[in-house]
There are 2 protein chains.
Amino acid sequence: MGRWRPDARERLQRAAFELISERGFAATTVPEITARAGLTTRTFFRHFADKREVLFAEDAGVAAIVTELMARVPASAAPLAVVRESLRLMADTYFEERKEVLRQRRELVRCDEGLRERELRKRAAVSDAIREGFLARGLDATRATLLAETCVTLLGVSMAEWLDDDDRYLRDIVRDTFETLRAELGADGSGESNG
Amino acid sequence: MGRWRPDARERLQRAAFELISERGFAATTVPEITARAGLTTRTFFRHFADKREVLFAEDAGVAAIVTELMARVPASAAPLAVVRESLRLMADTYFEERKEVLRQRRELVRCDEGLRERELRKRAAVSDAIREGFLARGLDATRATLLAETCVTLLGVSMAEWLDDDDRYLRDIVRDTFETLRAELGADGSGESNG
DNA sequence: TACGGTGATGACATTGCGTGTCGTCACTGT
DNA sequence: ACAGTGACGACACGCAATGTCATCACCGTA
């Protein structure tokens, strides 16, 4: 062991997760977290931009993965097919392994409006990454934003259902949710009545 | 004039808007805002839950209006038709009158991540209101959430385009954006290839 | 006129988040 | 042997946000 115990970041995340699970987010102070992790308050803010971020640090890579995956799909593919394949790949290789942690975190977020805000921002970051991928493929700004946010909505709704279900796979739920939306939008035939 | 000048809330909003426009959100302190408004710091937090909220206080009514409008549409109407009519009505009677203020606020939000978080939460509140309306009409939870978030996406994308455009009406842009999404989702025919 | 209730505000104290700054010291390469 | 690097501790500080009590115009009532 060197001058300090290794894995300071992971120790902070673990300590924060435990304490917030016990007392709630607002009732947990940063000094309490760092005390359990054996570090100082100042060090906490060297690893995480603010108190909320300690629960969402792992999400930072999601947007990067999306960017990576979208760039790998052939440019000839249809826009939505690109994202669908990317989301399926992520469902299998990333989310499926973290199901239990995501379940626990959802419970923490459900009890705190501030955490919900942060979760929405993380979701927006994924949307922005998808949007950039669409723009790189030549879509106009409106379509890129529209499709990107729709994809994130699809993923979000699917994940909610996935976390409530013990048996089904996320990739299958994403596919079903996508078909549900397509049917719901297409089935409504009164879209041209402008008056 | 009574013991205190009236319109304390409005004075705070105006002072905040001016100062933040000049110096940016992070560089503006609450004492500076209250000083310009002729009030104390404590009074600021009696009117607004936190520093960000002073820029979004007017949005509180949007979700309420959505709830009101959705309840007014006949129960026999198709789900999406309900929202489309509600959004059109709001576009005409609410947003169109506030275009310039919304433009200025968007500029402030663009420069501060914290304000963007708050904007996303306000958007989520509208989504929740729409979702409740759908649930009251008998939709299952998945469809209700899916359609509600899609509606908010449509409104958001439409508003972005609307604020960039001096001539077009929001209601027309919403209609076009809806048709764009419908076409984009329906045109993609590779949705059944599950591997 | 007198009088008690109400409600918005001021004044003051306090907690905790987040940052700036400097010092310490194991690790690393040469 | 020696300077550079990088992670952490120690300390101070500004500001957001909350709790608590005092103040006093306004209002209804007798």
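Below, each value reflects all heavy atoms present in this structure, side chains not excepted, and no hydrogens, waters or symmetry copies. What you see is a predicted model, and the numbers here were worked out from it, not measured in a lab. By convention in this document, chain letters (A, B, ...) are assigned in the order of the sequence lines, proteins followed by strands, and residues within each chain are numbered from 1.
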TODO: Check whether any side-chain N or O of B:His47 sits under 4.0 Å from OP1 or OP2 of C:dT9, and answer yes or no.
DONE: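 So the side chain of B:His47 is within the cut-off, an N or O lying under 4.0 Å from OP1 or OP2 of C:dT9.
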Task: Phosphate OP1/OP2 of C:dG10 contacted by B:Thr43 side-chain N/O (<4.0 Å) - done: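 Result: yes.
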Output the rounded distance in Å from [atom1] ([X]) to [atom2] ([N]).
X       : N      : atom1 : atom2 : answer
A:Phe44 : D:dA7  : CZ    : C1'   : 17 Å
B:Trp4  : C:dA11 : CH2   : C1'   : 12 Å
B:Glu53 : D:dA16 : CD    : P     : 16 Å

Cation-pi, [Y] ring and [X] (6.0 angstrom, 45 degrees):
X        : Y        : answer
A:Arg105 : A:Phe17  : no
B:Arg98  : B:Tyr94  : yes
B:Arg84  : B:Phe178 : yes

Task: B:Arg42 side-chain proximity, nearest of D:dG19, D:dC8, D:dA17 - done: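 The nucleotide sitting nearest to the side chain is D:dG19.
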- [ ] Say whether B:Arg131 and B:Thr145, considering side chains only, have a donor N or O and an acceptor N or O under 3.5 Å apart.
- [x]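 Result is yes, a qualifying pair exists.
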TODO: Output yes when a side-chain donor or acceptor of B:Lys122 lies under 3.5 Å from a complementary backbone atom of B:Ala57, and no otherwise.
DONE: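 A pair under 3.5 Å: no.
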Open item on the list: Between C:dG10 and B:Arg3, counting only base atoms on the nucleotide and side-chain atoms on the residue, is there a donor-acceptor pair under 3.5 Å?
Closed with: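 Result: no qualifying N/O pair found.
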Task: Check: C:dG18 base within 3.5 Å donor-acceptor of A:Arg46 side chain - done: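 Between C:dG18 and A:Arg46, which were checked side chain against base, a qualifying N/O pair under 3.5 Å is absent.
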Open item on the list: I'd like to check A:Arg143 versus A:Leu146 (side-chain heavy atoms, cut-off strictly below 4.5 Å). Are they in contact?
Closed with: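 No; the side chains remain at least 4.5 Å from each other.
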Task: Given DNA chain D, 5'-ward residue of the pair A:Asp7 and B:Ala49, judged by closest heavy atom - done: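 Taking each residue's closest nucleotide, the earlier one in sequence belongs to A:Asp7.
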Task: DNA chain C-proximal residues of residues 16-34 of chain A, any heavy atom under 4.0 Å - done: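 The answer is A:Thr28, A:Thr29, A:Val30, A:Pro31.
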